[in-house]
Amino acid sequence: MAPGALVGSGALEPVQKLASGGCDNTVKVWKMYNGNWKMDCFPALQMHSDWVRDVAWAPNLGLPKTTVASASQDGTVVIWTVAKEGDQWEGRVLKDFKNPVWRVSWSLTGNLLAVASGDNNVTLWKEAVDGVWQEVTTIDQ
């Protein structure tokens, strides 16, 4: 926006972010700043006690809340949320699956989470109105 202008003259630049997990047992959120990826959460998100095998960013469809799911060798899935840009991320354990969790994947609308775990099951989860995650179904392999 030009100095003194009341309205901008163009579209806002899209915010580019990604989430990663790895052998340090953490989830890191990254943001593109001037062509370089820099960590956007300090400290890294720590609730897992073993390798983070997968992370998945939920589509937010214009909602202010941002959600990421992480799956770990420790058998847990953590749902990470942040209310708005600059706030602290908060994590809640979805469930201890008692087996390594290999993959997490969101539906296109972001309201269902599929979890593939080491017991050869895929479970589908949905967040209730009160914010509690509930298992919808189990698909035996």
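These figures come from a predicted structure and were not determined experimentally.
Looking only at side-chain heavy atoms (C-beta outward), Trp125 and Val77 stay at 4.5 Å or farther from each other. For the pair Leu113/Leu94, a side-chain contact is recorded, criterion being any heavy-atom separation below 4.5 Å from C-beta on. Looking only at side-chain heavy atoms (C-beta outward), Thr67 and Trp106 come within less than 4.5 Å of each other. Between Phe97 and Thr76 the shortest side-chain heavy-atom distance does not fall below 4.5 Å. Residues Ser70 and His48 form a side-chain contact, since some pair of their non-hydrogen atoms from C-beta on lies under 4.5 Å apart.
Using modelled atom types and a 3.5 Å distance limit, the side chains of Asp24 and Thr26 yield a donor-acceptor pair.
Interatomic distance, CE of Met39 versus CH2 of Trp30, reported as 6.5 Å (0.5 Å rounding). Rounded to the nearest 0.5 Å, atoms NZ (Lys31) and CD (Gln16) are 10.5 Å apart. Between the OG1 atom of Thr137 and the CG atom of Leu124 there is a distance of 6.0 Å, given to the nearest 0.5 Å. To the nearest 0.5 Å, the span separating CH2 on Trp80 from CG on Leu45 amounts to 4.5 Å.
Applying the side-chain contact (heavy atoms from CB on, under 4.5 Å) criterion to Asp130, with sequence neighbours excluded, gives Ala128, Val132. In this view, Glu127 and Lys65, Trp133 satisfy the side-chain contact (heavy atoms from CB on, under 4.5 Å) rule, not counting sequence neighbours.
Remark: side-chain polar atoms of Asp54 are paired, donor with acceptor, to backbone N or O of Val104 under 3.5 angstrom. Judged by distance alone, the side chain of Thr81 and the main-chain N or O of Thr66 form no donor-acceptor pair under 3.5 Å. A donor-acceptor pair is defined here as one N or O able to donate and one able to accept, closer than 3.5 Å; no such pair exists between the side chain of Asn99 and the backbone of Ser117.
No more than 12 heavy atoms of other residues, nucleotides or ligands sit less than 6.0 Å from atom CD of Glu90.
Nearest approach of Pro59 to Leu108, heavy atoms of both residues: CG-O, 3.4 Å. Val122 approaches Ala114 most closely through the heavy-atom pair CG1-CB, 4.4 Å.
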